[in-house]
Amino acid sequence: MHWLTGYELRKTWGRKSFLASLCLLFFLNLFLLWYHNLPGEGKPGLAAYKRFQEKINGMTETEKENYVSNLKETMDGVGFVEEVLMMRNMSDEMGDILAQQLLGENPGLFEAWYEKYQSGEYLQLTDSLRQEALLVSELHAQWEKSAGYGEYLEAVQETEDTLGSIGIFRKTEENSFSTENIRKSAADYAGLTADGISWMPDKAVTGSMENLWTDILLVLSVFFFVGSLILEEKEKSLFYITRSTKFGIFRSICAKILALLFHCMAAAVLLYGSNLLYFGSAVGYGDLNAKLQSLAAYRDSTLSVSILEYIGISVATKAVVLFGFGTLLTALCILADTVYLPYLAGGMLWGLSFLLYTVIPAAAKKSLFKYLNFAGMMKTENLYGSYLNFNIMEKAVSRTEIVWITIMIVVSAGILASMFLFARGNSFVLRERRRGISLWFRPGISVTGQEGYKILIANRAMVILLFFGLLLGYREWEQKYSLTSGEEYYQSMMRQLAGELTEEKRELVLKEQARYQEAFEEIEKIDRMVSSGELTERMGEELKAEWYAVTAFYPYYSRVWQQYQGICENGGCFIYDTGYLYLLGTGEDDFLIPFLLLNCCMVLAFGNAVSMEDENGSWNLIGATRTGKGKILRRKAFVCAASAGVMVLVFFAGRMAGIARVFPMGGLWYSVRNIPRWGQFAFPLPVIVFLLLVVISQALVLVLAALVVFGLSWWRRNPVQAYLFAAAFLVVPLVLALLGFSWAGRFSLYPFFSWTASGM
């Protein structure tokens, strides 16, 4: 049997198309890991977690406690200072009242942390106050949860003891689910202790093991494997041969099922192993031999295993769940007489599973259906990392037991169904069925339509465009922009001033200017008194602290003053410009990641746009037609260029929508020169026309990139070579720039795409 199983594996894994699919899934998984862990305004990067992990490596639990507590104390103090400053700089009296109230409730706290707030020394792990506060708060909460593990275990046992000490329960209450659940929980936690707990951040382990995209890619690998294992043999009518040999039926299907099991195990190890290696290098691990409950995310687990053992158990469980699904898919492939039916049924099954897992709340009475489906069973962080008992006829039954019973039933049913259908079935070939598919264009109706169909549909470029379109749109929409206290002050001022300058607005600006001028004069006066010896240095700092609170927001007010001076000299209108600055790029690398993704999209989508005709020898036929090769190439180039333009529109629209949620963008019909950064622009275009110009320019740059890929595909006439050359020209310089080699970006189209980031 083993040689036949090995043959089935070699037959499938040995196909170049299958290996290419696995490589694609592998690199796509790494790409998604990188992409979804990019830092943002409200999202610390993995490098910050790595700095923290390096700092606590080798520390005792007491040292970790002191270090994390000091970080939390610092961020609380600095956050308090910023909150007071924000309130003091509100334009109404209520802000001063609230600030005084806060200071009265926390005497001495402002003075204790003001100097550190001004110096910026509180930034130890990240580059911004918001990121630092979020990260420290997250780490401190994790530490508290793990540090309180002993108390948590005691509380579980105390609950059971309290229940036992009460002797007035009625019989119905003594046998209720609530009572059973308390007793079972106490029994399950009874053998656990706080010994061996070594706290560490759980980012690396949870990021590796709790990844929806990796689960989806694993499911796709099963679709590929089973399709190659069953459907390709049915397409070639090979089942009639294998069934006619000695022991052909039983041994053949058993070998296929064992091959499927080995594939599921290998795919799970490959993808989740890459996750672990990625997070190991990006974040780092602590002591993987420590108890699982050392990670706050898994404190509720009743497993007495190490973190490393949990990882092994989780990967093995995912492989078994995939195998169970694979056996059902195998049975469907044996039963079906068309290629599409098994894939459609399998896709609907997983879609229903994800829907049930997402929609049903964990605390609902129907939570049984949340976890007893393929999506729920793949979530091993719930299965092993937390604790839950189901109410089965007023009995508390462990979720882990129920899930494993379900897995075994699914695996057994899939194996038996596959064997039965293979032995008794009669559908061993695929029937050709051609059904009309209504498309938004019909192939053959025009040369452009025909070439669009071949590139976008037949060559599957549409799938790549949709994937990157959703990825870019989601990234821009998900991007978190921070509305700091200073920005909130500036936004409030500009909302009051928006539009043409009036006397009321002039008075408001001059009043604020006088307030800041008074503060600067008082600070200067105190400095002179300290220099002359009239005040001690400490008294001087205490007196200046109040005036520093006023001047803290002067950099934001200076933007208001800049617009005011420009209007007084040249005319124009006030316009809140922060949203436009973010939209058009506030730094040199603002567009680097989106442009890298757009270039990757062009390379993958159109690297085979011309060479696809050489694979089947179509150019000889096309060259003899009335239309000719030249017109075909022009139509292909038009399809590539139009697709590139649409991708830029998707990116720009997503970016604009995400920014407008935080920074309103009004005054679209005012001149772009009203924005100080664009005050010297050559033409007094309305802002909306200027934005249209930006979109067109970026679209032209990406169209040029698409045409470069198209030209390389025509030049090399080999898809692999076209992909490699296109990646070398368009992608590699951007990757080098992203890695810190800024000079590499000059050898790409990026400076033309990001021309707005440097202003005019």
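- Every residue two or more places apart in sequence or in another chain that forms a side-chain hydrogen bond (donor to acceptor under 3.5 Å, both in side chains) with Tyr387 is listed here: Asp188, Asn389.
- Every residue two or more places apart in sequence or in another chain was checked for a ring-ring contact (aromatic ring centres under 6.0 Å, His included) with Phe651, and none qualifies.
- A donor-acceptor pair is defined here as one N or O able to donate and one able to accept, closer than 3.5 Å; no such pair exists between the side chain of Ser146 and the backbone of Trp143.
- Taking CG from Leu702 and OG from Ser643, the interatomic distance works out to 10.0 Å, rounded to the nearest 0.5 Å.
- Without hydrogens or angle criteria, Tyr750 side chain to Leu592 main chain gives a donor-acceptor distance under 3.5 Å.
- The side-chain contact (heavy atoms from CB on, under 4.5 Å) check on Leu724 picks up Val720, with sequence neighbours excluded.
- With sequence neighbours left out, Phe729 forms a side-chain contact (heavy atoms from CB on, under 4.5 Å) with Leu712, Phe725.
- Side chains of Thr317 and Tyr384: a donor-acceptor N/O pair is present below 3.5 angstrom, by distance only.
- A search for ring-ring contact (aromatic ring centres under 6.0 Å, His included) contacts involving Trp213 returns His36, not counting sequence neighbours.
- Listed by chain and residue number, Tyr189 satisfy the ring-ring contact (aromatic ring centres under 6.0 Å, His included) test with Tyr152 (two or more places apart in sequence, or in another chain).
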For side-chain hydrogen bond (donor to acceptor under 3.5 Å, both in side chains), just list the numbers for Asn29 and Thr214, CA-CA rounded to whole Å, side-chain angles, deciding distance to a tenth of an Å, and then say yes or no. CA-CA 6 Å; Asn29 184 56; Thr214 303; 2.8 Å; yes

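- Taking the six-membered ring where the residue is Trp, Phe374 and Phe325 present perpendicular rings, their angle passing 60° and hence far from 30°.
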Does the side chain to side chain contact (heavy atoms under 4.5 Å, CB included) test come out yes or no for Met408 and Val320, once each step is laid out? CA-CA 9 Å; Met408 292 298 102; Val320 175; 4.2 Å; yes

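- The side-chain contact (heavy atoms from CB on, under 4.5 Å) check on Lys379 picks up Tyr357, Glu381, Asn382, with sequence neighbours excluded.
- Asp202 contributes no side-chain N or O that, together with a main-chain N or O of Leu295, makes up a donor-acceptor pair within less than 3.5 Å.
- Asn57 pairs by the side-chain hydrogen bond (donor to acceptor under 3.5 Å, both in side chains) definition with Gln53, not counting sequence neighbours.
- By the 6.0 Å contact criterion, CZ on Phe31 is enclosed, its count of non-hydrogen atoms from other residues, nucleotides or ligands being greater than 12.
- Around atom CZ of Phe467, more than 12 heavy atoms belonging to other residues, nucleotides or ligands sit under 6.0 Å away.
- Scored by the side-chain hydrogen bond (donor to acceptor under 3.5 Å, both in side chains) test, Ser386 finds Arg399 as partners (sequence neighbours excluded).
- Aromatic ring centres of Phe606 and Phe710: separated by at least 6.0 Å.
- Interatomic distance, Ile593 CD1 to Leu598 CG, rounded to the nearest 0.5 Å: 12.0 Å.
- For the ring pair (Phe, Tyr, Trp, His ring centres under 6.0 Å) condition, the pairs that include at least one residue of residues 277-306, sequence neighbours left out, are Tyr298-Tyr310.
- The distance from atom NZ of Lys203 to atom OH of Tyr49, rounded to the nearest 0.5 Å, is 4.5 Å.
- Nearest approach of Ala705 to Leu730, heavy atoms of both residues: O-CD1, 3.6 Å.
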Using the rule given for side-chain hydrogen bond (donor to acceptor under 3.5 Å, both in side chains), can you reason through Asp300 versus Tyr149, listing the C-alpha separation, both sets of side-chain angles and the distance that settles it, and then say yes or no? CA-CA 9 Å; Asp300 297 344; Tyr149 184 62; over 6 Å; no

Please step through side chain to side chain contact (heavy atoms under 4.5 Å, CB included) for the pair Leu276 and Ile311, ending with a clear verdict. CA-CA 9 Å; Leu276 291 164; Ile311 292 173; 3.6 Å; yes

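- One finds the OG1 atom of Thr327 at 15.0 Å from the NZ atom of Lys256 (value rounded to the nearest 0.5 Å).
- In terms of the side-chain hydrogen bond (donor to acceptor under 3.5 Å, both in side chains) criterion, Ser748 has no residue partners (sequence neighbours excluded).
- Partners of Met59 according to the side-chain contact (heavy atoms from CB on, under 4.5 Å) rule, which considers only residues two or more places apart in sequence or in another chain, are Ile56, Glu63, Lys64, Tyr67.
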Going through the checks in order, is the side chain to side chain contact (heavy atoms under 4.5 Å, CB included) test met by Val708 and Met602? CA-CA 9 Å; Val708 168; Met602 296 299 102; over 6 Å; no

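- Shown here for Leu25 and Leu271, the closest heavy-atom pair between the two residues is O-CD2, 4.2 Å.
- Between atom CE of residue Met75 and atom CG of residue Leu134 there is a gap of 9.0 Å, rounded to the nearest 0.5 Å.
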